[in-house]
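Residue indices begin at 1 and follow the sequence shown.
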Amino acid sequence: MKSYFSTNRVLAWTFTSVAVVTIFFACKKEVTTDTAPNNQSDNNTIAASQHEAAASAMYSGLFETVAEVAITQGLFTARKADNVNNALAVTTSCPVAELLDATNPDQWPKKVKIDFGESCLDRYGVYRSGILNVTFSGPLFNPASIIVVEPLGYKLNGKSVEGQFIIGGVSYSATTGIQYTTELTNGKVTLSDSVVINYASKKTIKQTAGFDPVTPLLNPSDDVFTVEGTASISYEKGPVIGVTATFTTQEALVKIFDCQHFVKGKLKVEFDKVTGVIDYGNGKCTDPITITVGDKTKEIKL
């Protein structure tokens, strides 16, 4: 069964680590102290932090897309899609989702092909193209289900995204909200002709406020989520070849509905014998976001 759907609304608020547009395509840096990084190792660490933020945003949007598919294709819960909040399934001309094995509704796994064509504009002003092949071992909101997303010629604004993105443990209750985990293996992102990174991550996402008492996704405006986990990048092309940068949550990263990036939390980065900390602020969208390497601090404008 084919359907047209919008990736613009469902769960855009849950796991967008930083908005793709603001980080990936328009990151502006401003030095905020007189001790701004002035040696190559420090600058490489800061660059690696920005590249990780860009890659994280590109992959995190896949959960939003999968949730939309689950609604439109009847894979949301054990019930049919008509029994959930169909107001979230906004019809647009792209992308096209096709349930490849729709003959037996009780048979799992189920495979869905999501085709963005040559150019499909999303809510962030990003043009997507290519295909996402998604395999559901069971309904999305079943903690035992595993959802595997495999890009095929998939690009964001012409930037290639590869790898295997696995979503698991998706659950919901009126008291704990939405929770799930993600794991990326064999990730690869072409950020530019001169920067190509290999990327891997493991993350746990938990809702901490705004629980909907009847069903998830009813009122996202008051929702708050935390993200914890690890990530790593290495360069096929870039400032330092053969060295891996690792990222570890020091304090849980906090995401609120009306802000495009994290508003709180700290991320530790280690790269080329240099250690730094990304500080996302104290809970307000207007708080400055900084990267500190030793006694040197740099502010990032999103």
Side-chain angles (χ1 to χ4, degrees), residues 5 7 10-20 23-24 51-73 75-76 95 97-98 100 108-116 120 122 124 126 128-157 159-171 178-191 196-206 225 227-234 236 246-247 249 253 255:
F5 69 94
T7 55
V10 178
L11 297 184
W13 31 274
T14 61
F15 188 51
T16 308
S17 62
V18 283
V20 175
I23 276 285
F24 182 46
H51 294 154
E52 191 281 331
S56 176
M58 296 171 80
Y59 286 100
S60 65
L62 296 177
F63 182 75
E64 174 188 343
T65 303
V66 166
E68 187 85 37
V69 168
I71 288 179
T72 60
Q73 299 296 329
L75 310 178
F76 188 62
E98 181 180 4
L100 300 179
W108 300 87
K110 295 188 181 299
K111 295 183 179 181
V112 178
K113 176 183 176 182
I114 308 172
D115 192 343
F116 292 85
C120 182
D122 71 14
Y124 304 111
V126 175
R128 303 194 201 189
S129 61
I131 292 170
L132 295 175
N133 290 313
V134 185
T135 302
F136 292 78
S137 71
L140 177 64
F141 274 88
N142 179 340
S145 295
I146 299 295
I147 298 90
V148 180
V149 185
E150 295 176 299
L152 179 63
Y154 179 65
K155 297 180 179 180
L156 284 78
N157 279 9
K159 311 301 182 183
S160 175
V161 178
E162 305 174 30
Q164 186 180 76
F165 188 74
I166 299 174
I167 301 167
V170 184
S171 65
I178 299 170
Q179 300 186 26
Y180 62 98
T181 64
T182 66
E183 181 175 0
L184 173 69
T185 58
N186 298 317
K188 181 178 177 180
V189 177
T190 302
L191 295 175
V196 178
I197 66 171
N198 297 313
Y199 185 55
S201 67
K202 287 186 179 181
K203 299 178 182 179
T204 299
I205 300 87
K206 296 181 179 180
F225 285 80
V227 179
E228 296 187 79
T230 60
S232 65
I233 69 170
S234 60
E236 287 193 13
T246 60
F247 300 81
T249 306
L253 308 180
K255 180 71 175 64

**Q.** Check: S145 side chain, L140 main-chain N or O, donor-acceptor pair, under 3.5 Å
**A.** no

Q) What distance do T190 atom OG1 and K159 atom NZ have between them, rounded to the nearest 0.5 Å? A) 8.5 Å

Q. Atom CZ of F136 and atom CG of N142: how far apart are they, to the nearest 0.5 Å?
A. 12.5 Å

Q: Output yes when a side-chain donor or acceptor of Y199 lies under 3.5 Å from a complementary backbone atom of N186, and no otherwise.
A: no

Q: Please examine the side chains of D115 and E98, heavy atoms only from C-beta on, and report whether any two atoms are closer than 4.5 Å.
A: no

Q: For the residue pair L132 and T65, establish whether any side-chain heavy-atom pair is separated by less than 4.5 Å.
A: yes

**Q.** Gap between atom CD of Q164 and atom CD of E150 - 0.5 Å precision
**A.** 5.0 Å

**Q.** Nearest-0.5 Å distance that lies between atom CG in L184 and atom NZ in K202
**A.** 11.5 Å

Q.
Would you call the rings of F63 and Y180 parallel, tilted or perpendicular, taking 30° and 60° as the class edges?
A. parallel

**Q.** Minimum-distance pair of heavy atoms, taken over all atoms of A144 and S137
**A.** O-OG, 4.3 Å

Q.
Does any part of the side chain of N133, heavy atoms only, come nearer than 4.5 Å to the side chain of K111, both counted from C-beta?
A. no

Q: Return the minimal non-hydrogen interatomic distance between I167 and V170, and the atom names on each side.
A: CG2-CG2, 3.7 Å

Q) Any idea which heavy atoms bring Q73 and A97 closest together, and the distance? A) NE2-O, 3.4 Å

Q.
For a quick test of reading the model, state the closest non-hydrogen atom pair linking Y59 to K188 and the distance between them.
A. OH-N, 3.1 Å

**Q.** Non-hydrogen side-chain atoms of T246 and T230 separated by less than 4.5 Å
**A.** no

(Q) Pairing donors with acceptors under 3.5 angstrom, does anything connect the side chains of S56 and K203? (A) yes

**Q.** Sub-4.5 Å side-chain heavy-atom contact between V112 and K110
**A.** no

Q.
So, taking the atom named CD1 in I178 and the one named OG in S171, what distance separates them when rounded to the nearest 0.5 Å?
A. 9.0 Å

Q: Over all heavy atoms of both residues, which pair between P109 and T135 is shortest? Give the atoms and the distance, please.
A: CB-CG2, 4.0 Å

Q.
Please determine whether side chain to side chain contact (heavy atoms under 4.5 Å, CB included) holds for the pair V227 and K255, giving the CA-CA distance in whole Å, both sets of side-chain angles, and the decisive distance to 0.1 Å.
A. CA-CA 8 Å; V227 179; K255 180 71 175 64; 5.6 Å; no

Q. Heavy-atom distance under 4.5 Å between the side chains of L75 and P139, does that happen here?
A. no

Q.
Looking at every heavy atom in both I131 and Y154, which two are closest together, and how far apart are they?
A. O-CB, 3.9 Å

Q. Say you draw a straight line from CE of M58 to CG of L156; how long is it, rounded to the nearest 0.5 Å?
A. 4.5 Å

Q. Taking the side chain from T249 and the backbone from E228, do they hold a donor-acceptor pair closer than 3.5 Å?
A. no

